[in-house]
Asks: 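To start, I am sharing the structure in question, which I have written as structure tokens.
What you see below is based on every heavy atom in this structure, not just the backbone, and it leaves out hydrogens, waters and symmetry mates. Naming: A, B, ... by sequence-line order, numbering from 1 per chain.
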2 protein chains.
Amino acid sequence: MGALTKIRAPRVRHVAPVVDKADLPLGRILPGDCVEAMRSLPDASVDLIFADPPYNLQLGGDLNRPDGSHVDAVTDDWDRFDSFATYDRFTRAWLTEARRVLKPDGGLWVIGSYHNIFRVGAIMQDLGFWLLNDIVWRKSNPMPNFRGTRFTNAHETLLWASMGEKAKYHFNYRAMKTLNDELQMRSDWVIPICAGQERLKKGGHKVHPTQKPEALLYRVLLATTEAGDVVLDPFFGTGTTGAVAKRLGRNWIGCERENIYREAAMERIECALPLDESALKTMQSMRTAPRIAFGSLVEAGMLAPGTELFDKQRRFSAQVRADGSLMSGKECGSIHHVGKTLQGAPSCNGWTFWHLEHEGAIKPLDALRQTYLLSIED
Amino acid sequence: MGALTKIRAPRVRHVAPVVDKADLPLGRILPGDCVEAMRSLPDASVDLIFADPPYNLQLGGDLNRPDGSHVDAVTDDWDRFDSFATYDRFTRAWLTEARRVLKPDGGLWVIGSYHNIFRVGAIMQDLGFWLLNDIVWRKSNPMPNFRGTRFTNAHETLLWASMGEKAKYHFNYRAMKTLNDELQMRSDWVIPICAGQERLKKGGHKVHPTQKPEALLYRVLLATTEAGDVVLDPFFGTGTTGAVAKRLGRNWIGCERENIYREAAMERIECALPLDESALKTMQSMRTAPRIAFGSLVEAGMLAPGTELFDKQRRFSAQVRADGSLMSGKECGSIHHVGKTLQGAPSCNGWTFWHLEHEGAIKPLDALRQTYLLSIED
DNA sequence: CAGGGCCGTGAATCGTCTC
DNA sequence: TGAGACGATTCACGGCCCT
């Protein structure tokens with residue numbers, strides 16, 4: 001009953017544009033310490049942050065404080081605790097700024113290894129970020145463990161979080177499913193390490209020790225941003241995030257202390273070619289597609305009142321009525337409601353449950369909806 | 001020169017047996033809270049701890065599959081914590097006791113998901129445990145994400161740690177490599193979830209909501225314990241750790257609060273069949289096997305002084321001398337040193353580099369070492 | 001008027017084992 | 001052979017009423 005009265009305008013993202021994009025340093029790399037650099041950005045101005053912070057731990061090597069001063073090598077227990085504490089302070093500092101500049105429906109990605117990721121993850125939770133997935137980047141060609149003392153360290157971990165437990169966030173479910181041959185994308189991604197042509201080199205040496213593969217960023221940005229979104233990378237390095245953002249039609253902002261990386265990144269991003277607009281269009285999920293009321297199919301004449309509908313096994317049948325409601329015996333209501341009640345199920349998707357006979361074949365209602373959707377596009 | 005002076009007795013594990021195994025409750029499940037239960041164990045008495053603590057899932061409402069059926073979720077009391085702070089206190093408490101009962105060269109494994117593993121990992125580091133690997137258990141058949149709101153949560157994480165940065169630990173590199181078709185075992189393991197015959201059921205319902213697959217424990221115990229070691233599981237559940245420990249000839253101790261799980265576990269472990277001894281011996285690591293000096297082969301009469309050795313391509317040759325040193329032209333020293341110098345290589349494993357002719361066939365020295373190893377066993 | 005709670009509509013599944 | 005069951009799951013969202 002009354003299905004027609006429920007027709008709504010297609011939903012849009014209704015986070016108020018507090019910040020004008022023109023006020024943001026889009027397509028620029030901010031020099032200096034990332035915490036300082038982020039301070040120059042307004043609150044709630046960024047859609048996504050991708051961060052590849054220093055793993056800086058336990059390498060017997062260097063650890064820098066947020067202010068850039070150097071921490072002496074860690075030898076005894078006291079120093080070890082001191083260094084974890086220092087790393088934690090550094091992490092809390094940049095994550096706090098990240099949180100400030102992110103929109104309420106923004107997303108955060110951080111990549112790390114077992115040296116730092118547990119500290120980062122715990123601090124993210126402490127600051128109120130809500131973990132959505134931990135993603136395993138499974139390297140198809142990892143470095144072997146030469147000394148045979150441990151398992152080959154063949155993966156790194158990415159954390160994906162929203163701003164809070166109840167916060168909205170963006171996930172292009174349909175695009176990911178398409179990318180994965182019509183199966184749901186899993187939390188483990190097999191991607192080769194960055195090598196060959198893609199690896200930036202100067203004088204035969206790699207420019208950056210931990211350059212990430214573009215395929216990794218491609219999947220991250222495709223999954224959790226829309227074209228036109230603003231993506232911030234506080235540890236920009238040689239600009240993989242910027243290069244992929246440009247290709248995918250996303251805006252980007254970087255922070256990077258090292259002059260040499262900034263230069264390499266800008267040069268690289270200049271060369272990146274944006275995909276054209278039609279290539280950028282991704283599969284939409286039903287949830288974000290315009291919502292179609294069943295009644296509008298009747299209204300449009302695609303389905304005559306009185307048409308008989310069946311479930312696939314023909315255990316149930318029902319009749320379409322002029323107002324877009326369904327009737328089956330004494331039961332009447334929406335296609336979903338009648339399907340649910342007849343089955344005694346907790347819920348029912350009427351679009352896939354009900355079928356109709358058309359030229360001898362049985363088709364689900366959903367096929368009709370697809371046809372209708374195409375007819376009203378553009 | 002003077003290679004004989006370098007001959008050492010085969011190394012043995014030289015952690016003093018502070019505790020007599022007879023004083024430990026081997027093959028028993030201690031009832032009650034695991035922290036209390038562990039208090040009854042002596043200091044430094046356990047070789048390995050495998051822990052599967054509550055994950056603190058914080059589940060919301062009900063979940064139905066698209067077909068309307070209901071998902072049987074983990075709603076047990078033991079998985080509910082008020083806050084991260086409460087969970088952290090709990091974690092610190094049991095990890096502290098775990099640390100006390102572990103031997104200085106003991107190992108710790110903890111399994112978890114993104115809900116808890118970052119807190120656990122950070123606390124492990126804070127307590128002084130040294131992370132050796134984070135292992136990804138990639139489920140071949142995970143539960144899908146029915147709502148299409150995230151990536152399919154297709155893995156869990158295991159942390160493997162030693163008692164400290166400089167602490168010794170046990171890793172059966174060779175056994176892992178054998179298990180993995182002569183490739184180094186990686187940090188990501190593909191193992192199916194526990195289902196079918198293996199899953200303990202009572203009245204058609206699963207006995208424990210989160211029973212782990214035996215294949216997982218098999219790999220953990222094979223990798224990081226020796227036959228006869230003492231393995232403790234503070235969250236014993238239905239005793240997967242005990243069952244696999246028994247199969248592999250390891251001693252086990254469990255802690256479990258729930259009477260019903262203890263009973264199911266004991267019954268299950270009774271039925272587990274230990275592998276026979278020869279099957280267990282097949283995969284000993286060269287690294288943990290007693291170290292053999294080349295000279296001892298000469299000493300044992302397995303190799304006569306004067307025997308001619310070649311590299312595989314017969315580019316180089318050398319003569320064995322009575323003291324276990326090698327001579328090739330003017331070059332003399334250990335089998336490794338001479339091999340290295342002749343090739344001009346930075347290093348050389350003499351055991352695999354040098355070969356000898358025996359009954360018409362060419363065999364590497366290593367084959368001789370294997371024979372010798374077998375002869376001195378037991 | 002902000003925010004919490006209730007309610008109705010509606011969108012959404014993969015691999016494996018059992019019967 | 002095919003239908004059904006099921007697994008550590010932080011798994012929707014908007015409108016409206018009520019405080």
Asks: C/dG10 P sits how many Å from A/Asp366 CG, rounded?
Replies: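 Taking CG of A/Asp366 and P of C/dG10, I get 13 Å after rounding.
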Asks: Measure the distance from CG on B/Asn64 to P on D/dA5 and round it to the nearest whole Å.
Replies: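 Distance check: B/Asn64 CG to D/dA5 P gives 13 Å.
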Asks: Salt bridge check, B/Asp188 against B/Arg186: does any charged N sit closer than 4.0 Å to a carboxylate O?
Replies: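 Between B/Asp188 and B/Arg186 there is a salt bridge, with a charged N closer than 4.0 Å to a carboxylate O.
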Asks: Before accepting this row, confirm whether a basic side-chain N of the pair A/Asp126/B/Arg119 lies closer than 4.0 Å to the acidic partner's carboxylate O.
Replies: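 Yes, this pair counts.
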Asks: For A/Trp130, report the nucleic acid contact type (base, sugar-phosphate, nothing); a contact means any heavy atom under 4.0 Å.
Replies: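 Base contact - A/Trp130 has a heavy atom under 4.0 Å of at least one base atom.
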Asks: Apply the side chain to side chain contact (heavy atoms under 4.5 Å, CB included) test between A/Leu48 and each candidate in A/Leu102, A/Leu108, A/Thr225; give the one that qualifies.
Replies: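 Answer to the side chain to side chain contact (heavy atoms under 4.5 Å, CB included) test with A/Leu48 among A/Leu102, A/Leu108, A/Thr225: A/Thr225.
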Asks: If I pick the P atom on D/dA8 and the same atom on C/dA11, what distance separates them, to the nearest angstrom?
Replies: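 C/dA11 and D/dA8 have their P atoms separated by 29 Å.
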Asks: Does any part of the side chain of B/Gln58, heavy atoms only, come nearer than 4.5 Å to the side chain of B/His115, both counted from C-beta?
Replies: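 Heavy-atom side-chain distance check fails, nothing below 4.5 Å.
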Asks: Is there a side-chain contact between A/Arg369 and the phosphate of C/dG10, meaning an N or O under 4.0 Å from OP1 or OP2?
Replies: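 No, A/Arg369 has no side-chain N/O under 4.0 Å of OP1/OP2 on C/dG10.
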Asks: Please report, rounded to the nearest Å, how far the P atom of C/dT9 is from the CG atom of A/Leu326.
Replies: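 These atoms are roughly 13 Å apart.
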Asks: Taking 4.0 Å as the cut-off, does a side-chain nitrogen or oxygen of A/Trp351 come that near to OP1 or OP2 on C/dG10?
Replies: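 No, A/Trp351 has no side-chain N/O under 4.0 Å of OP1/OP2 on C/dG10.
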Asks: Please work out if A/Gly350 contacts a base, only the sugar-phosphate, or nothing of the nucleic acid, heavy-atom cut-off 4.0 Å.
Replies: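 Nothing, no heavy atom under 4.0 Å.
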Asks: Regarding B/Pro213, tell me which of base, sugar-phosphate or nothing describes its non-hydrogen contacts under 4.0 Å with the strands shown.
Replies: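 It contacts nothing in the nucleic acid.
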Asks: Please evaluate the base of D/dA8 for a donor-acceptor partner in the side chain of B/Lys139 within a cut-off of under 3.5 Å?
Replies: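 No.
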Asks: If the condition is salt bridge (charged side-chain N to carboxylate O under 4.0 Å, His left out), which residues does B/Asp77 pass it with, not counting sequence neighbours?
Replies: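 By the salt bridge (charged side-chain N to carboxylate O under 4.0 Å, His left out) rule, B/Asp77 matches B/Arg80.
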Asks: Start with the C-alpha gap between A/Val136 and B/Arg138, add the side-chain angles, then the distance that decides, and say whether side chain to side chain contact (heavy atoms under 4.5 Å, CB included) holds.
Replies: CA-CA 9 Å; A/Val136 172; B/Arg138 302 174 64 216; 6.0 Å; no
Asks: What's the gap between D/dG7 and C/dG10 when it is taken at their P atoms, as a whole Å value?
Replies: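 The answer is 31 Å between these two P atoms.
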Asks: Of the listed nucleotides (D/dT9, D/dA8, C/dT9), which one gets closest to any side-chain atom of B/Leu59?
Replies: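 Per side-chain heavy atoms of B/Leu59, the pick is D/dT9.
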Asks: Would you classify B/Asp52 as touching base, sugar-phosphate or nothing, given that sugar-phosphate means primed atoms plus P, OP1 and OP2, and contacts are heavy atoms under 4.0 Å?
Replies: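 Base contact - B/Asp52 has a heavy atom under 4.0 Å of at least one base atom.
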Asks: Mind checking what makes ring pair (Phe, Tyr, Trp, His ring centres under 6.0 Å) contact with A/Phe151, not counting sequence neighbours?
Replies: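 Scan of A/Phe151 (ring pair (Phe, Tyr, Trp, His ring centres under 6.0 Å), adjacent residues dropped) gives B/Trp160, B/Phe171, B/Trp189.
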Asks: Among pairs that include at least one residue of residues 203-220 of chain B, which meet salt bridge (charged side-chain N to carboxylate O under 4.0 Å, His left out), considering only residues two or more places apart or in two chains?
Replies: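 Every pair satisfying salt bridge (charged side-chain N to carboxylate O under 4.0 Å, His left out) with a residue in residues 203-220 of chain B: B/Asp52-B/Lys212, B/Asp72-B/Lys206, B/Glu214-B/Arg247, B/Glu214-B/Arg268.
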Asks: Roughly how many Å is it from CD in B/Gln211 to P in D/dC6, rounded to a whole number?
Replies: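 The distance from CD of B/Gln211 to P of D/dC6 comes to 16 Å, rounded to the nearest Å.
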Asks: So, does B/Lys206 get its side chain near the phosphate of D/dC6, meaning an N or O under 4.0 Å from OP1 or OP2?
Replies: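 False: B/Lys206 side-chain N/O out of range (4.0 Å or more) of D/dC6 OP1/OP2.
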Asks: Under 4.0 Å between any heavy atoms, over every strand shown, what does B/Asn153 touch: base, sugar-phosphate, or nothing? Just pick one.
Replies: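 Sugar-phosphate contact only - B/Asn153 comes under 4.0 Å of backbone atoms but never of a base.
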Asks: Nearest-Å distance, NZ (A/Lys168) to C1' (D/dA12)?
Replies: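 Distance, rounded to whole Å: 10 Å.
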Asks: DNA chain C: stems of at least 3 consecutive Watson-Crick or G-U pairs, cut-off 3.5 Å?
Replies: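 Paired runs of 3+ in DNA chain C: C:2-9 with D:12-19, C:14-19 with D:2-7.
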Asks: Provide the distance between the two P atoms, one in C/dT9 and one in D/dC11, to the nearest whole Å.
Replies: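 About 23 Å, rounded to a whole number of Å.
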Asks: Holding to salt bridge (charged side-chain N to carboxylate O under 4.0 Å, His left out), I want the full list of residues that pass it with A/Arg99, two or more places apart in sequence or in another chain.
Replies: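 Listed in chain order: nothing, the list is empty.
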Asks: Is a side-chain donor-acceptor pair under 3.5 Å present for B/Thr224 with B/Trp109?
Replies: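 Distance-only check passes for B/Trp109 and B/Thr224.
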Asks: Whole-Å distance between D/dG7 P and B/Lys212 NZ?
Replies: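 Rounding to the nearest Å, NZ of B/Lys212 and P of D/dG7 are 13 Å apart.
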Asks: Look up atom CG in A/Leu297 and atom CE in A/Met302, then write down how far apart they are to the nearest 0.5 Å.
Replies: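 With rounding to 0.5 Å, CG (A/Leu297) is 6.0 Å from CE (A/Met302).
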Asks: Among D/dA8, C/dA12, D/dT9, which nucleotide has an atom closest to any side-chain atom of B/Tyr55?
Replies: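 Looking only at side-chain atoms, B/Tyr55 lies closest to D/dA8.
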Asks: Which nucleotides of nucleotides 14-19 of chain C have their base under 4.0 Å from a protein heavy atom (B), which only their sugar-phosphate (S), and which neither (-), written as one string 5' to 3'?
Replies: BSSSS-
Asks: Looking at the side chain of A/His336, which of D/dC11, C/dT9, D/dA8 is the nearest nucleotide?
Replies: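 For A/His336, the side-chain atoms sit closest to C/dT9.
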Asks: What integer distance in Å separates B/Leu57:CG from D/dC11:C1'?
Replies: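 Roughly 13 Å, once rounded to whole Å.
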Asks: How close or far is atom P of D/dG14 from atom NZ of A/Lys166, stated in whole angstroms?
Replies: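 In whole Å, D/dG14 P lies 15 Å from A/Lys166 NZ.
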Asks: Which is true for B/Ser113 with a 4.0 Å heavy-atom rule: it touches a base, it touches only sugar-phosphate, or it touches nothing?
Replies: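 Here B/Ser113 touches no strand at all.
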